[in-house]
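A short worksheet on the structure shown next.
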Amino acid sequence: MSLLEETKRILAAYRVRPKRRLGQNFLVDEEVLKRLISYASVNEKDNVLEIGAGLGFLTERLARIAGHVVAVEIDPVLVKILSRRLSGYKNVSILKGDILKMEGPPYINKIVSIPPYSISSPLIFWLLKRKFDCAVLTFQEEFGRRLVAQPGVSDYGRLTVAVYYYAEPELLDFIPKESFWPTPEVNSVIVRLRPRKPPFYVRDEELFFRFLRAVFTQKNKKMKKALEVFLSDFKIPKEWLRKISESIPFYERRVRELAPEELALTFNALHEKIVSVRGSEKGY
Ligand code: SAH
């Protein structure tokens, strides 16, 4: 039986309909499932996390070769189906709940998933705050392109820079929308993320991310102009503002054209200025 037939059969047997709200588009292409697993080089030493396990097709294939699989699913009906379908596998744990509200799970070294696309962005940040060797995930094509975009192209943005800071992202493969059922509106891609030490230094991480958010809302503007909103938070005397924004590197360049390393240099110079202005105001 094909995965498409099996999907329809299971849903009919349990009288359930895919829920759009939860992004329930099931991957029904055996080849793509195999590729996901091989891109993560899953083997018996691995403890794998799967986010949004659905009907458990990927879960089952992971369970056959991984040491342990932790499958997270938010929909209680699907959790019931998963528990029954996977009861023969002693190395599978099924966790019911919202992945974004979960702490752990601990002892995970790989993540292989076809996650719900509605949470792509928060899910990436959830992942990047955790420890693991590699994550192989699918995303909507446009989102995947944003993760790996080069400076200057339209997909390049805050997300690109933030992900690049924490991990090495690779766009590995294309999945046509027909590989899913129900068929979604857009195609997907497979992305691999390997966490790494940040490739450049920033003087204050949290503030750097605030800086990115502020300047990328005006990414077509020159840096000196795009900076204004960010600087307005610091109560810097007016007469200093222009001086500061024209003393940092790349201030005449457009935000969207600056590479992550260049943005970091801009930010670090700015940070130094802000700290010294504040210092002189306080009299030290
Ligand atoms: N991986 C499966 C299902 C993909 S659809 C497959 O390829 O067939 C996405 C799945 O994620 C659905 O089963 C949906 O119920 C589940 N899901 C949606 N939001 C979730 C969340 N916040 N946490 C965990 N699972 C979620």
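The first residue of the sequence shown is numbered 1, and numbering continues consecutively from there. First listed ligand is number 1; within each ligand, the first listed atom is number 1.
- For ligand 1, the atoms sitting less than 4.0 Å from at least one non-hydrogen atom of Gly23 are 5 (S), 9 (C), numbered in the order shown with element in parentheses.
- In this structure, Asp233 pairs ionically with Arg210, as a charged nitrogen and a carboxylate oxygen lie closer than 4.0 Å.
- Residue Leu22 is found in a hydrophobic cluster whose other members, listed by chain and number, are Ile74; membership requires side-chain heavy atoms under 4.5 Å apart, directly or through intermediates.
- Seen from the ring of Tyr156, Arg145 does not count as a face-on cation partner, given the 6.0 Å and 45° thresholds.
- Taking a cutoff of 4.0 Å between a charged side-chain nitrogen and a carboxylate oxygen, Glu6 and Arg85 qualify as a salt bridge.
- Looking at Ile119 next to ligand 1, no N or O pair under 3.5 Å apart turns up.
- Residue Ala53 touches ligand 1 through its backbone alone, judged by heavy-atom distances below 4.0 Å.
- Two residues are said to be in side-chain contact when any heavy atoms from C-beta on lie closer than 4.5 Å; Val215 and Thr266 fail this criterion.
- Heavy-atom proximity to Asn25, at under 4.0 Å, picks out these atoms of ligand 1: 4 (C), 5 (S).
- Ile51 and Leu33 fall into different hydrophobic clusters, where Ile, Leu, Val, Met, Phe, Trp and Tyr are joined by side-chain heavy atoms under 4.5 Å apart, directly or via other members.
- A side-chain hydrogen bond (donor to acceptor under 3.5 Å, both in side chains) with Lys110 is found for one member of Asp46, Asp133, Asn47 and no other, namely Asp46.
- A salt bridge does not link Lys219 with Glu257: none of the charged nitrogens is closer than 4.0 Å to a carboxylate oxygen.
- Not close to ligand 1: Leu58, with no non-hydrogen atom less than 4.0 angstrom away.
- In terms of protein heavy-atom proximity, atom 25 (N) of ligand 1 is nearest to Ile74 N, 3.4 Å.
- Here the protein heavy atom with the shortest distance to atom 1 (N) of ligand 1 is Gly52 O, 2.8 Å.
- The nearest protein atom to atom 13 (O) of ligand 1, hydrogens excluded, is given as Glu73 OE1, 2.7 Å; this is a heavy-atom distance.
- Distance from atom 12 (C) of ligand 1 to its nearest protein heavy atom, with residue and atom name: Gln24 CG, 3.5 Å.
- The protein heavy-atom contact nearest to atom 22 (N) of ligand 1 is Asp98 OD1, 2.8 Å.
- The aromatic ring centroids of Phe209 and Tyr165 lie less than 6.0 Å from each other.
- Nearest to atom 6 (C) of ligand 1 among the protein's heavy atoms is Leu27 N, 3.7 Å.
- Scanning all protein heavy atoms for the shortest distance to atom 19 (N) of ligand 1 gives Pro116 CG, 3.4 Å.
- Of the polar atoms of Ile51, none of the N or O atoms is found under 3.5 Å from an N or O of ligand 1, judged by distance alone.
- For Glu50, the side-chain hydrogen bond (donor to acceptor under 3.5 Å, both in side chains) partners two or more places apart in sequence, or in a different chain, are Thr59.
- Ligand-side atoms of ligand 1 in range of Gly97: 23 (N), 24 (C), range being under 4.0 angstrom from any heavy atom.
- Scanning the protein heavy atoms around atom 7 (O) of ligand 1, the nearest turns out to be Ile114 CD1, 3.1 Å.
- At least one heavy atom of Leu78 sits closer than 4.0 Å to an atom of ligand 1.
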